[in-house]
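Shown next, in structure tokens, is the structure this report addresses.
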Amino acid sequence: EVQLVESGGGSVQAGGSLRLSCTASGWIFDDSDMGWYRQGPGNECELVSIITSDGSTHYADSVRGRFTMSEDNAKNTVYLQMNSLKPEDTAVYYCTADLSSWFGTSYGGACYKDPRLAAYWGQGTQVTVSS
């Protein structure tokens, strides 16, 4: 069975950095696009970043220049390096695979395991940024 496991969340002060990791198992990792969603305290769901099978990365306007997504195919792992963190980055961050949507699309409410967004989901990791 396909499984995604995230790690690396935590609490930091504004301006700090965190690196999130997501390890996939049970599928052909190299052929799948991967993405990070986040759900804020107001229940907003936002697509943060995508990496496609050719290694190309794409970012939401809200994080461009501060966040960087990368992959290690040998380890079946993708990463999200988050620098210059702001309080508005506070959210639960979800690793996803086989995405079905794009930046700017919203369906309202919680996004966890919404098949209109992605086929596979991790359990999420909390990121909290204080002022």
How close do [X] and [Y] get, heavy atom to heavy atom, and via which atoms?
{"X": "A14", "Y": "S131", "result": "CB-CA, 4.4 Å"}
{"X": "W121", "Y": "C111", "result": "CH2-O, 3.0 Å"}
{"X": "L4", "Y": "A97", "result": "CD1-N, 3.9 Å"}
{"X": "A110", "Y": "N43", "result": "N-ND2, 3.5 Å"}

Between [atom1] on residue [X] and [atom2] on residue [Y], distance to nearest 0.5 Å:
{"X": "L47", "Y": "L117", "atom1": "CG", "atom2": "CG", "answer": "8.5 Å"}
{"X": "D72", "Y": "S21", "atom1": "CG", "atom2": "OG", "answer": "10.0 Å"}
{"X": "N76", "Y": "Q3", "atom1": "CG", "atom2": "CD", "answer": "12.5 Å"}
{"X": "I51", "Y": "M69", "atom1": "CD1", "atom2": "CE", "answer": "5.5 Å"}
{"X": "C45", "Y": "D114", "atom1": "SG", "atom2": "CG", "answer": "7.5 Å"}
{"X": "S7", "Y": "R19", "atom1": "OG", "atom2": "CZ", "answer": "8.5 Å"}

| So which of D98, T96, L99 actually passes side-chain contact (heavy atoms from CB on, under 4.5 Å) with Y120? | D98

Return yes if a side-chain donor-acceptor contact under 3.5 Å exists between [X] and [Y], otherwise no.
{"X": "S62", "Y": "E46", "value": "yes"}
{"X": "Y94", "Y": "Q123", "value": "no"}
{"X": "D33", "Y": "T52", "value": "no"}
{"X": "T128", "Y": "T90", "value": "no"}

Are [X] and [Y] packed together at the side-chain level, in the sense that at least one heavy-atom pair is separated by less than 4.5 angstrom?
{"X": "V48", "Y": "Y93", "answer": "yes"}
{"X": "K75", "Y": "T23", "answer": "no"}
{"X": "Q81", "Y": "S17", "answer": "yes"}
{"X": "V92", "Y": "R38", "answer": "no"}
{"X": "R66", "Y": "D89", "answer": "yes"}
{"X": "L80", "Y": "S49", "answer": "yes"}

| request: Give a yes or no on whether a salt bridge exists between D61 and R64, defined as a side-chain N under 4.0 angstrom from a carboxylate O. | output: yes

Does [X] reach the main-chain N or O of [Y] with its side chain, forming a donor-acceptor pair under 3.5 Å?
{"X": "E6", "Y": "C95", "answer": "yes"}
{"X": "E88", "Y": "K86", "answer": "no"}
{"X": "Y112", "Y": "Q39", "answer": "no"}

| Candidate pair W36 and F67, rule ring pair (Phe, Tyr, Trp, His ring centres under 6.0 Å), full reasoning | CA-CA 11 Å; W36 292 91; F67 291 10; over 10 Å; no

| Within one Ile-Leu-Val-Met-Phe-Trp-Tyr cluster: Y79 and L18, side-chain cutoff 4.5 Å | no

| task | Treating Ile, Leu, Val, Met, Phe, Trp and Tyr as nodes and any side-chain heavy-atom pair under 4.5 angstrom as an edge, say whether V78 and V5 lie in one connected cluster. | result | no

| message | The test is side chain to side chain contact (heavy atoms under 4.5 Å, CB included); show your working for M34 and C22 and say whether it passes. | response | CA-CA 10 Å; M34 304 285 292; C22 173; 4.2 Å; yes

| query | Considering residues, nucleotides and ligands other than Q13, do more than 12 of their heavy atoms fall under 6.0 Å from its CD? | reply | no

